[in-house]
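Beneath this line is the structure, given in structure tokens, with notes to follow.
Atoms within a ligand are numbered from 1 in the order they appear, just like the ligands themselves. One-based numbering along the sequence shown. Only this structure's heavy atoms are used, side chains among them; waters, hydrogens and symmetry mates stay out.
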Amino acid sequence: MKPTTRRNFIEKSAKAGVATLIALPAINALMAAGRNTTSPLAPDFKIFATGFDQQPLPYAYNALEPSIDAQTMDIHYNKHAAAYSKNLKEAAAAEKVDTTKPLEDVLSKISKYSVKMRNNGGGHYNHELYWKCMLPNANAKPAGKFLTAIEKDFGSFDEMKKQLTTAATTRFGSGWAWLVYNSDKKIVVSSTPNQDNPLMDISEVKGFPLFGLDVWEHAYYLKYQNRRADYVENFWKILNWNYVGERFNSL
Ligand code: MN
């Protein structure tokens, strides 16, 4: 997509909301392509199948202010995340990966691929998920059977928040904190180094990511400098619980 076209698309997408993102023809094609695949962890993961191309942001760069500033979003999306997609496609071409199939297929067997595939496949997947898990003025909370499941597995919503905050703030160096639906059918908190994620066969905690929180310095340094805990605290205000709940309800 040319930059000008992409800019227009982002503006249109921001107006239309997340629904535009999900309705993209590329995603529909992937869903169709993934219809015959199965995952023991997430029977309906194909609904959320991820392609190899970067999708438009579902909101404007400044939409998440004051939690995340516009310059951080611009650089994060257009430089860091764009590079993961570009490098992933290079690795896919070199390693003869069928890019019409969901990226999740590669991630689940990532030990069979190169380090370049692992870093950039994870990097691309994680960011595509991260953008969708945030929403301007979200201020929402989990509801229904999703909230019931959180309360059953953690004791309370606040205990889950506490555990995830600890995972995010104590991850040494660069990485991610996750809310995961694991193979024991429990919701758990985990964290991964670098761009690894719970879909990968090499991950310590394996499962379906309900949401991921980027704790690389590039995600917060311009506004928060060394204050990662402040970034994490403000992330809760823009977490799109409705979308995260849809992911849980698909399982
Ligand atoms: Mn990032």
Side-chain angles (χ1 to χ4, degrees), residues 6 10 18 21 48 50-91 103-104 106-107 110 115-136 138 164-165 167-180 189-200 202-203 209-240 243-244 247:
R6 187 164 68 190
I10 289 167
V18 177
L21 187 70
F48 300 103
T50 306
F52 289 66
D53 289 319
Q54 194 179 29
Q55 300 300 315
L57 267 185
Y59 35 70
Y61 300 127
N62 66 357
L64 303 177
E65 289 188 347
S67 294
I68 302 180
D69 61 287
Q71 191 185 16
T72 295
M73 285 300 291
D74 185 351
I75 295 170
H76 199 177
Y77 177 84
N78 287 305
K79 306 291 183 191
H80 296 280
Y84 294 127
S85 174
K86 177 178 171 287
N87 294 331
L88 166 63
K89 286 188 278 188
E90 277 178 20
L103 175 58
E104 283 84 344
V106 172
L107 298 177
I110 202 67
V115 171
K116 181 173 179 174
M117 190 80 82
R118 174 173 168 176
N119 288 339
N120 293 287
H124 175 63
Y125 177 91
N126 298 349
H127 287 85
E128 291 287 296
L129 175 60
Y130 177 65
W131 312 133
K132 283 185 265 183
C133 290
M134 296 186 288
L135 190 72
L164 207 135
T165 298
T169 51
T170 59
R171 161 53 56 191
F172 185 74
S174 299
W176 290 74
W178 302 97
L179 192 67
V180 183
V189 162
S190 75
S191 86
T192 52
N194 305 314
Q195 294 294 356
D196 289 355
N197 70 42
L199 290 174
M200 293 179 172
I202 47 81
S203 182
L210 297 172
F211 75 82
L213 170 54
D214 190 346
V215 294
W216 283 57
E217 283 189 345
H218 69 222
Y220 63 86
Y221 200 84
L222 291 177
K223 181 179 170 75
Y224 295 97
Q225 295 82 49
N226 61 323
R227 301 185 310 277
R228 186 192 286 184
D230 291 354
Y231 157 70
V232 171
E233 191 182 320
N234 284 315
F235 173 78
W236 293 111
K237 298 175 189 166
I238 49 169
L239 180 52
N240 187 349
Y243 175 69
V244 177
R247 294 177 71 85

Could you walk me through whether His76 and Trp131 satisfy the ring pair (Phe, Tyr, Trp, His ring centres under 6.0 Å) test, starting with their C-alpha distance in whole Å, then the side-chain angles of each, then the deciding distance to 0.1 Å, before giving a yes or no? CA-CA 10 Å; His76 199 177; Trp131 312 133; 5.0 Å; yes

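The Mn ion (ligand 1) sits nearest to atom NE2 when only the N, O or S atoms of His218 are considered. Nearest N, O or S atom of Asp214 to the Mn ion (ligand 1): atom OD2.
Ionic pairing of Glu128 and Lys132 is not present here: no N-O contact between side-chain nitrogen and carboxylate oxygen is shorter than 4.0 angstrom.
When all heavy atoms of Asn234 and Ser67 are compared, the pair lying nearest together is O-OG, 3.2 Å.
Here the angle centred on the Mn ion (ligand 1), running from NE2 of His76 over to NE2 of His127, is 90°, rounded to 10°.
Inclusion of His80 in the first shell of the Mn ion (ligand 1) is not supported: no N, O or S atom falls under 2.8 Å.
A donor-acceptor pair is defined here as one N or O able to donate and one able to accept, closer than 3.5 Å; such a pair exists between the side chain of Lys223 and the backbone of Pro66.
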